[in-house]
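Here's the structure, in structure tokens; my notes come after.
For the numbers below, each heavy atom of this structure counts, side chains included, while hydrogens, waters and symmetry mates do not. Chain letters run A, B, ... following the sequence lines, proteins first and then strands; every chain starts at 1.
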2 protein chains.
Amino acid sequence: MTTITDVARRAGVSPVTVSRVMNSAAHVRPETRVRVEQAIAELGYLPNTVARSLRSKRTRSLALLLPDITNPFWTTVARGVEDSAQALDYTVFVCNTDEDPRKQQRYLELAVSQRADGVLIAACHSDAAALRVLREREVPTVVIDRRIEGWDVDCVLGDSTGGARALVQHLIALGHRRIAAISGPAATSTAEDRVTGYCRALAEAGLPVDDSLIRRGQFRTCAGEELARSLLAEAGDLTAIFAANNAIALGAIDAVLAAGRRIPHDIALVAFDDFVDCSHLFPFLTAAVQPAYDMGCEAARLLLARLAGSGPARPQHIVLPCRLVVRHSCGSRLHAGAETLSLPSTVTGLPLPGYRG
Amino acid sequence: MTTITDVARRAGVSPVTVSRVMNSAAHVRPETRVRVEQAIAELGYLPNTVARSLRSKRTRSLALLLPDITNPFWTTVARGVEDSAQALDYTVFVCNTDEDPRKQQRYLELAVSQRADGVLIAACHSDAAALRVLREREVPTVVIDRRIEGWDVDCVLGDSTGGARALVQHLIALGHRRIAAISGPAATSTAEDRVTGYCRALAEAGLPVDDSLIRRGQFRTCAGEELARSLLAEAGDLTAIFAANNAIALGAIDAVLAAGRRIPHDIALVAFDDFVDCSHLFPFLTAAVQPAYDMGCEAARLLLARLAGSGPARPQHIVLPCRLVVRHSCGSRLHAGAETLSLPSTVTGLPLPGYRG
DNA sequence: AATTTGAACGAAAACGATTTCATGATATGC
DNA sequence: GCATATCATGAAATCGTTTTCGTTCAAATT
């Protein structure tokens, strides 16, 4: 493969000069520059990023660690990250941790080994210990969608507590009194924040918080199904379920239907997170929708600002608001009220004409 | 950051020996190996992949270029690729081309600059010219979901022609005679293959192929909407639409509903590709479903085999079959017939209990 | 006219690993 | 017991850039 030396030879200059031309540094005579650029074009020369990175100690790459790229929420976050990064000629490599601490650890070490300039991570544990690899080496880091205890690091998250509270308030307003919560792992701040929001809504309405109605598992469909199943079996007077993310909601739907109950007639369901495209199509699931794309953009922008040395002095904690999108799974046919914002096209309160199942 | 020399010093050996230990090469005395491993652990040493790559000329990374990571089909492909790659300690960096040739070109050059060991690409043009960067430099390449004219390169694709044919045959069997097709860009083999399948099904049924019923645009929701709108306006006797991918289908649904028609009562709709999670939830869209995850896995495995020197001699053209999943958007309440395979849980022919919209 | 400045460029070092080649020690074969 | 193979290790070269430090020469300053 052609190297900078080949280009230099062809242009009749030294490699340094070629380097200067490529990095558009000063002190190159216009005519020399043209000669070099011509040589580059003629040879189809593409610089070796690896060598460049070794010497300059910057790779222009970011590592993005998230639970599962298959979940539309994370996909959208990833897209936001990539778009922001690409605008500044940064490369993003995506790692699926599957919320597995060991996989996460492996990928973090990989990110350090690869000398990623920065890391964006939806940590699977809110304890800072898991991020020691990054902290020790002072790798610029932005945490997405999670809070971290014990490390004051940049983070970008959705308003989990507020979103959960709004969803449960909505259920309460519809007359529900026995509302269960199916959340993620207790070690995840996001899961706990959503439980907090759930409890707060109940407390504010003067309703008791029944611990037996709060279940925790993985942020996964199978966990959602299992927990919903046991809830339905054990709590006979249950009338509504709050699912702490979209995957859990899917599982819960399966469990409810499998138990011979109907949604929303017998069991109302609300969920955190959405299904982007699908929700647009099937006006079904009432959800607190996080601005996933913006979260990705913001996180990447913050990280890139730090890399450019132009970031804010103190670590930032950016909390983006959620939209409450009222659809049919909670039984409400009403437009959203004062506290809520809705997707204009989907909150018609009516099924799409033509689809009757 | 600690280097191999630091480790060597601490273990009382030379850097070469440390390198040998890390690469588990032969010719290291067990006790030396232990000393080195201890030094590595004590220092928390993580090798610098950049330096390693420069010297060894292998980066253990793959570039994955696809239209849009936001589309559930591509997400699932990406996940398959990543899982296969990760098993062999390869890193994947994902690039969204948005089907834009210039963006694609930029990313290809980036992949070469980064010295990716291999490239997986859903090329936005079936002409081999766009891939010259790769071909000239003999970068191991696997093309996903597309055929390439003029370069006999490895590729993994779904049976577009067969899937489209099956979908249209199904419509014909349901009694439809005026069936439109909304496809992707003519430059994309996948789009054209699906048109071919559509035509073949019509021809085999002795039906005329009406060119005015075949429309082409981007593989996007907005294109699908626009083309469907014009079709509905211009072809009054239309009773069914075949959408060449999921995004187009979404747009088509919007257009049909906006025109005051119902699905499937007034217009039947079938589509290529699915919405993974959602389709499981809402038994709506009749689709030819490609094995996206397997496509990603297979493609990565083929590429990695080539990199390991163990690949097949000749370029492979792997065509994976699609499943025809019959749901409600086509008006059929029947289980799939002999030629078709169905998702057991969704093809009940009945709406989910509880959801009446 | 002598001195200073800075533009334009190059030589050599450096980045941190791996690869190649060399060396002494030990084991093996006959 | 001697030649030969193999083991265990290290010194030096190398990968392709960027950085650092000079050097030359022309223009500006005094």
Taking all non-hydrogen atoms of both residues into account, name the closest pair between B:Arg137 and B:Val112 and its distance. CD-CG1, 3.4 Å
Does B:Ala85 have any side chain to side chain contact (heavy atoms under 4.5 Å, CB included) partners at least two apart in sequence or in another chain, and if so, which? B:Leu62, B:Tyr90, B:Val92
Side chain B:Asn96, main chain B:Asp98, donor-acceptor under 3.5 Å: no
Whole Å only: how far is the NE2 atom of B:His27 from the P atom of C:dC21? 15 Å
Under a 4.0 Å N-O cut-off, is there an ion pair linking B:Asp117 with B:Arg58? no
Enter the inter-axis angle for the ends of the helix from C:dA1-D:dT30 to C:dC30-D:dG1 (five pairs per end, rounded to 10°). 30°
If you look only at pairs with a residue in residues 32-55 of chain B, which of them pass as a salt bridge (charged side-chain N to carboxylate O under 4.0 Å, His left out), with sequence neighbours excluded? B:Arg10-B:Glu42
A:Ser189 side chain vs A:Arg147 backbone, donor-acceptor pair below 3.5 Å: yes
Looking at A:Arg29, does any N or O in its side chain come under 4.0 Å of the phosphate oxygens OP1/OP2 on C:dG6? no
Residues in residues 10-19 of chain B with a heavy atom under 4.0 Å of DNA chain C, by number, are B:Val16, B:Ser19
Walk me through whether A:Asp154 and A:Val143 qualify under side-chain contact (heavy atoms from CB on, under 4.5 Å). CA-CA 6 Å; A:Asp154 283 318; A:Val143 176; over 6 Å; no
Between P on C:dT19 and CZ on B:Arg20, what's the gap in Å once rounded to a whole number? 11 Å
For DNA chain D, which nucleotides open and close the run of contacts to chain A, 5' to 3', at under 4.0 angstrom from a non-hydrogen atom? D:dG16 to D:dT19
Quick one, which residues of residues 37-57 of chain A touch DNA chain C with a heavy atom under 4.0 Å? A:Leu54, A:Arg55, A:Lys57
Nearest heavy-atom pair of A:Arg146 and A:Ala123: which atoms, and what distance? NH1-O, 2.9 Å
